[in-house]
Amino acid sequence: MRMRQLLVKTLREAPAEAELTSHRLLLRAGLVVPLAAGLYCFTPLGWRVVRNIERIIREEMNASGALEVHLPALHPIELWEQSGRAALMGQTLFRLTDRKEREFALGPTHEEVISYLASRTIQSYRDLPVTLYQIQTKFRDEPRPRGGLIRLREFTMKDAYSFDTGWDTLDASYDAAFAAYQRIFRRAGVPVVPVAADSGAIGGKDSQEFVFLTDAGEDTILLCPGCGYAANAEKAEFVPPPPLPGEQAPAERVHTPGKRTIAEVAAFLGVEPRQTLKAVFYRADSKPVFVAIRGDLEVNEVKLKNALGAREVEPMDDATVRDLGLVAGSASPVGISGMPIVADTSAVEAVNLVGGANEPDYHLRNLNHGRDWQATLVAEIALARAGDACRTCGSPLETRRGIEMGHVFKLGTLYAEKMGVYYLDESGERRPCVMGCYGIGVERMLAAIIEANHDADGIAWPWEVAPFDAHVVAIGAGEPAVAEALRQVESALAAHGLEALVDDRDDSPGIKFKDADLIGMPARLTVSPRSLERGGVELRFRRGSESAVLPAADAAAAVAKARAEALGAGPA
RNA sequence: CGGGGUGUAGCUCAGCCUGGAAGAGCGCUGCGUUCGGGUCGCAGAGGCCACAGGUUCAAAUCCUGUCACCCCGACCA
């Protein structure tokens, strides 16, 4: 492929809006062009990478025994109402109306539609187990698209769904998907760690995310150096610092003028933050909830939501706080009525805490659960932090930032029951299928590949996803000897089944070398009068610093060998 | 939706405070030059200064509103 024909337009400087490395390189290398927030056009060069990623996914999914299907992106809204998720997805669901006023949604995911297809095709236990997948465009009206390709409003997802007769065989389907994912990420050159995760809006049981650890990530991951436990912060189990021991003392009202925050009150009264009781107000599915937690801890809203069995939890707005007569800055569960009081176990186990007096500028000392206040519900709803103890081995947990690349989880029978996916078992009894579901974000993977495979000069593609195997730079292409050598190089590469991008532009050598580094093909071949004098073409690998001059055929063979070795051993 | 920031040429940005003929570098087109790490010269094309309203003799510049985009939070692949 000649570079002139590929519409490769590199940028010397990245547009100001790009902050993430991957975003900057995507734009500078001319792989994508932004259209609107969360929407990108792919150029011929960028699309080749996307297709390579999809090829890897397809190969590994097929190898795992999954079957590729294709489902519409346009969904009748009734399907979403049937599952109950039309309301759950809220504004994230793009909605539209056809000419007959029938309502549709643009699919943000496909549990509903795959269930429809499954309900029409699965009849007997003899049809099971089966895993169906597709690589399809998803639409989500995200509140905040971000980071270039990290969070899009229209994106490509490989989504797979397994159907089993029971939980035991679901485990096998889940494990097969899990193994396929590990192969996919390894081949694509994205280092990932599997972490325990919350199953989120889709619901279900066991759930794991494949997370690419990077400072650019939007998720917080807790890792245990002792036993290898890894979990998303919203899911992570841990042991908070222990409470201070002591005998229950009589409650006492103290004047705390102008002291509102935990830090202020603790300092004023000469106690540690873990000797205080923090009050936080939420609305769970629009209903007010009073949350009590030890002062040194923060509320994990996902755990709170799960403890309440709520669909949605959001911080209470100031107006509602006032209307309910809650005293922000001096609130405690003492004497609170008319709303549930959810307490973290930390608040229940500690003794003699300092809490609000529910009147401005006053606090109470020596509050004790059971005596001074009573929780409606006690649960573990605190957010894990770096340094907290691992639940399994007691080691201090570490935190890292990460990007969720893929998610696998066990759905169970929820969708099967709502959407009518049943089979007849050996005894002729009608049973719901036990489902699992598995997703990978394709564009996000592209961004992660760049985050994980670049240097100061640009992208350094892993062989499997590189848009071309070799970048051929011609210097002095006007000279017949160079032009002839160029043809030899091209045919030698082609003879090995290698794809080459030939820089035939009429630019200076410096520009061509800079662009070759930026665009990042694994191998670079330079053809010039100088190289011909030395006996052939110069071969250099993007990740190496040495170069060698070889006859065209030998150079092509060396590229083929390097490629084969890299593919055999996994990407460098 | 809450908080912060930015909108001037394809890209990076000056100009705005203090109103008075729209600029630079890069990129693009043409000619020449150069030819192993973003050559050099000459000549060009390219802007409704985000949009709307207002103030003024006069608005990129001052005022009001709107929109878009980016960043931080709540959500997800």
Side-chain angles (χ1 to χ4, degrees), chain A residues 9-20 23-24 27-28 30 33-39 57 88-92 108-110 135-138 140-160 181 192 197-202 209-212 218-219 232 234 282-283 301-302 305 312-315 317-318 403-409 437-448 457-458 473-479 482 506-518 524 526-531 533-534 538 540 547 549:
Chain A
K9 304 293 174 187
T10 58
L11 261 36
R12 191 172 292 208
E13 294 168 288
E17 75 256 18
E19 290 200 354
L20 280 191
H23 192 192
R24 295 173 66 84
L27 293 167
R28 282 195 58 210
V33 172
L35 175 64
L39 301 175
I57 293 173
L88 198 63
M89 296 292 301
Q91 297 210 293
T92 301
T109 173
H110 279 77
I135 296 175
Q136 232 275 22
T137 307
K138 310 294 184 194
R140 294 182 187 179
D141 195 357
E142 293 284 348
R144 186 160 86 86
R146 67 173 287 270
L149 298 187
I150 298 294
R151 188 180 206 76
L152 299 167
R153 292 197 294 172
E154 175 179 333
F155 65 100
T156 311
M157 188 198 285
K158 188 291 297 173
D159 48 328
Y181 275 30
V192 293
D198 187 74
S199 45
I202 301 181
E209 291 171 355
F210 288 83
V211 173
F212 166 54
E218 45 183 0
D219 291 342
N232 194 308
E234 60 194 26
Y282 285 94
R283 290 162 68 100
E301 295 183 9
V302 173
K305 183 173 73 177
E312 195 179 7
V313 163
E314 55 183 343
D317 59 285
D318 295 344
I403 301 172
E404 179 186 355
M405 303 301 306
H407 201 161
V408 295
F409 48 94
C437 91
Y438 320 93
I440 292 179
V442 173
E443 291 87 347
R444 184 175 281 187
M445 206 156 135
L446 168 52
D457 294 318
V473 176
I475 298 170
E479 295 192 24
V482 172
D506 188 19
D507 278 312
S508 72
I511 289 179
K512 294 184 177 185
F513 288 134
K514 288 287 185 189
D515 274 350
D517 288 342
L518 175 61
R524 188 183 81 193
T526 306
V527 184
S528 71
R530 182 188 294 185
S531 76
E533 262 175 44
R534 296 199 210 154
E538 181 196 292
R540 180 176 179 148
S547 61
V549 179

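Hydrogens, waters and symmetry mates are skipped; everything else that's a heavy atom, side chains included, is used. Chain letters run A, B, ... following the sequence lines, proteins first, then strands; residues in each count from 1.
Within 3.5 Å, a donor on the side chain of A:Arg524 pairs with an acceptor on the base of B:G37, or the reverse. No N or O donor and acceptor, one from the side chain of A:Ser508 and one from the base of B:G38, sit under 3.5 Å apart. In the interface, the side chain of A:Asp517 is paired with the base of B:G37 through a donor and an acceptor atom under 3.5 Å apart.
The side chain of A:Arg146 places no N or O atom within less than 4.0 Å of a non-bridging phosphate oxygen (OP1 or OP2) of B:C70. Side-chain nitrogen and oxygen atoms of A:Arg28 include none within less than 4.0 Å of the OP1 or OP2 phosphate oxygen of B:C11. For the pair A:Arg140 and B:C76, the criterion of a side-chain N or O lying under 4.0 Å from OP1 or OP2 is not met.
For the C1' atom pair drawn from B:A45 and B:C16, the interatomic distance equals 28 Å after rounding to whole Å. Taking the P atom of each, B:U39 and B:A58 are spaced 49 Å apart, rounded to whole Å. Nucleotides B:A9 and B:G15 are separated by 15 Å at their C1' atoms, to the nearest Å. For the C1' atoms, the distance linking B:U8 with B:A60 amounts to 7 Å, nearest Å. The separation of B:A24 from B:C42, taken at their P atoms, amounts to 14 Å, rounded to a whole angstrom. A gap of 16 Å separates the C1' atoms of B:G5 and B:A50, to the nearest Å. Remark: the separation of the C1' atoms in B:A14 and B:G7 is 15 Å, to the nearest Å. Here the separation of B:G20 from B:A59, taken at their C1' atoms, is 10 Å to the nearest Å.
Between the side chains of A:Thr137 and A:Glu154, no donor N or O sits under 3.5 Å from an acceptor N or O. Between the side chains of A:Tyr181 and A:Lys158, at least one donor N or O sits under 3.5 Å from an acceptor N or O.
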Report task. Could you please spell out the steps behind the side-chain contact (heavy atoms from CB on, under 4.5 Å) verdict for A:Thr526 and A:Arg540? Result -> CA-CA 8 Å; A:Thr526 306; A:Arg540 180 176 179 148; over 6 Å; no

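Put simply, CG on A:Leu27 is 16 Å from P on B:G10, counting in whole angstrom units. To the nearest angstrom, C1' of B:U6 lies 10 Å from CD of A:Glu17. Atoms CD (A:Glu301) and P (B:G2) sit 17 Å apart, rounded to a whole Å. In this structure, the CG atom of A:Asp507 is 14 Å from the P atom of B:G36, given to the nearest Å. The CD-C1' distance, from A:Glu234 to B:A74, rounds to 12 Å in whole Å. Atom NE2 in A:His23 sits about 12 Å away from atom P in B:C69, given to the nearest Å. Put simply, CD on A:Glu218 is 13 Å from C1' on B:C71, counting in whole angstrom units. Atom-to-atom, CD of A:Glu142 to P of B:C70 comes out at 13 Å; the value is rounded to the nearest Å.
Nearest to the side chain of A:Asp515, among B:C76, B:C35, B:G38, sits B:G38. The side chain of A:Arg144 has B:C72 as its nearest neighbour among B:C72, B:C11, B:A77.
Both A:Lys512 and A:Glu443 lie near RNA chain B, and the one whose nearest nucleotide falls closer to the 5' end is A:Lys512.
As judged by a 4.0 angstrom heavy-atom cut-off over every strand, A:Glu13 is placed among the base-contacting residues. Nucleic acid contact class of A:Leu11 (heavy atoms, under 4.0 Å, all strands): none.
The shortest side-chain heavy-atom distance between A:Asp141 and A:Arg153 falls under the 4.5 Å cut-off. Annotation: side chain of A:Lys305 is not in contact with side chain of A:Glu301 (no heavy-atom distance under 4.5 Å).
The existence of a salt bridge linking A:Lys138 and A:Asp159 is confirmed by a sub-4.0 Å separation between a basic side-chain nitrogen and an acidic carboxylate oxygen.
Taking the 5.5 Å centre cut-off and the 30° plane limit, the aromatic side chain of A:Phe513 is not classed as stacked on B:G36.
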